[in-house]
2 protein chains.
Amino acid sequence: MTNSTNRRAQRREETREKILTAAVRVFAELGFEAASMGSIANRAGLKKALVQYHFETKLNLWQEAVNSLWEELHSLENRLPRLAEVSTRDEEREILRQVFRAIIDFARSHPDWVGIMFREASTPGPRLDWLVENHLKKDIEEGSAFIALAQSHGLLPQGSPLHILNIISGALTYPLLVSPLTKRAAGISMASEESLDATVDILLNMLKP
Amino acid sequence: MTNSTNRRAQRREETREKILTAAVRVFAELGFEAASMGSIANRAGLKKALVQYHFETKLNLWQEAVNSLWEELHSLENRLPRLAEVSTRDEEREILRQVFRAIIDFARSHPDWVGIMFREASTPGPRLDWLVENHLKKDIEEGSAFIALAQSHGLLPQGSPLHILNIISGALTYPLLVSPLTKRAAGISMASEESLDATVDILLNMLKP
DNA sequence: CGTTTCACTATGCGATCGTATTGTCAAATT
DNA sequence: AATTTGACAATACGATCGCATAGTGAAACG
């Protein structure tokens, strides 16, 4: 592979990434059906035909965009504090706080992930099937395992880990999801540092000590 | 007004309601942009032009559909157990359980409301502005007031009622929102009676006694 | 009974959708 | 230097979008 071979390949990769970045944003904001190839091309500052050249169909573009998004984020669990390495109850509670912070920080710094995730998760169909098979199944399994571990440490009550995962995800993610509403109705920005702190604090205070 | 005058008015009202019912469903499932006048007409078993005849524009149809939905549901608070009339701590905790059940039952039996609500609440724009001004502002105020009341009874921790409202709404609503995902990934139906019970139980068990 | 009203249909407009085809021109290969 | 490759653009296809206009026919009215 000469230097010149790379020149074209590099340019190709650059535009592909431009398109994928724009696609992730638009899909997250509008959902699959409402997002259009043209709007994605405009967002990337490119021509519609070029998008179709690099990613043949809209569905394929969506899949590749989702793949690149998951690849970029890798996995939330990797950043989770290690629950197994603590012992005393006080330390465990501090770990729980850090876990909540990690989840909520993740949701705030990756609104595209939240957008695509919850839009597809709430509508049955082939895209959800694909998403589950290729990404979410593993994520859910890891999340459930983490919950089970926290349960074994007495940090969370008994019950299906999947249910608890949903409850905690909802308690921490939903406020960010509807933050445009909160902003409009009460003038409060849920993505602000104070609001994030407040949300974690409140949730911790609600839990048994 | 004779009997015959009513015949036409009644038929008019019948088709209008058919259209509104279909519109609520389609808007909730697909969101505003992805929903089309044609698909709504098809869902109602009518012609597209007839939809346009009764509700001139798509935006107007959406607004009237939302109005009819809110009108049908009236208000969640009306069905909430009266928190102010209890005294002992045990009774209060039972009230809290009933409140949670009321919220989660509401979300389950009105998926259209949840769908429209969370789709619009997560995207800034003129429709969210309209929704806030005409319905959600009042709903949020009533919900916050209820949280504040629960706080004064020592049932919920201190902190912004709005934050707590979001946390509780998320914890109870999110599991139903992503139930298609849970169904696909784990084969569990979150809308089942057992799952609802489990969700409420877990959330209550997580709270301080 | 003749006339008016009105719920509803047929048809078509321009715009945009996803997709396909063909052309262009610089870079890479031989 | 001649030739092939490939990133990208121009253009067009049929379908569907929201919306507008001109009817049609039965119910309501005088």
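Values in this document were obtained by computation on a predicted structure and should not be read as measured data. Residue numbers begin at 1 in each chain, while the letters A, B, ... track the order of the sequences.
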From dG18(D), dT5(D), dC8(C), pick the nucleotide closest to the side chain of R8(A)?
dT5(D)
Report yes if a side-chain nitrogen or oxygen of H54(B) is closer than 4.0 Å to either non-bridging phosphate oxygen (OP1 or OP2) of dC8(C); otherwise report no.
yes
Answer yes or no: is there a donor N or O on one side and an acceptor on the other, between the side chain of R97(A) and the main chain of D201(A), under 3.5 Å?
no
To the nearest angstrom, the CE-P distance between M37(B) and dT11(C) comes to 20 Å
Of K47(B) and A49(A), whose closest DNA chain C nucleotide lies nearer the 5' terminus?
K47(B)
Is there a donor and acceptor pair closer than 3.5 Å between the side chain of K48(A) and the base of dT19(C)?
yes
What's the CD-P distance between E56(A) and dA7(D), to the nearest Å?
12 Å
I need the NZ-C1' distance between K58(B) and dA20(D), as an integer number of Å.
17 Å
Hey, does the side chain of Q52(A) come within less than 4.0 Å of dG18(C)'s phosphate (OP1/OP2), counting only N and O?
no
Nearest whole Å is fine: how far is dG18(C) P from F27(A) CZ?
9 Å
Using OP1 and OP2 only, check whether a side-chain N or O of R12(B) sits under 4.0 Å from dA7(C).
yes
Rounding to an integer number of Å, can you tell me how far L50(A) CG sits from dG18(C) P?
16 Å
I want to check one thing: is the phosphate of dA7(D), taken as OP1 and OP2, less than 4.0 Å away from some side-chain N or O of R16(A)?
no
To the nearest Å, give me how far apart CD (E13(A)) and C1' (dG6(D)) are.
15 Å
Any side-chain to backbone donor/acceptor pair from S152(B) onto L149(B)? Under 3.5 Å, distance only.
yes
Nearest whole angstrom, please: distance from the C1' of dC8(C) to the CZ of F55(B).
14 Å
Would you say dC8(D) has OP1 or OP2 under 4.0 Å from some side-chain N or O of Y53(A)?
no
Which part of the nucleic acid, if any, lies within contact of A35(A), taking any heavy atom under 4.0 Å across all strands shown: a base, the sugar-phosphate backbone alone, or nothing?
sugar-phosphate
Spacing of R101(A) atom CZ and L172(A) atom CG [to the nearest 0.5 Å]:
10.5 Å
Does dA7(C) have OP1 or OP2 sitting under 4.0 Å from an N or O in the side chain of T15(B)?
no
For atom CD1 of I40(A) and atom C1' of dG18(C), their distance in whole Å:
11 Å
Hey, does the side chain of S179(B) reach the backbone of L176(B) with a donor-acceptor pair shorter than 3.5 angstrom?
yes
Would you compute the distance between atom CG of D112(B) and atom CE of M117(B) and round it to the nearest 0.5 angstrom?
14.5 Å
Please work out if A41(A) contacts a base, only the sugar-phosphate, or nothing of the nucleic acid, heavy-atom cut-off 4.0 Å.
nothing
Would one find a side-chain N or O of R11(A) under 4.0 angstrom from OP1 or OP2 of dC8(D)?
yes
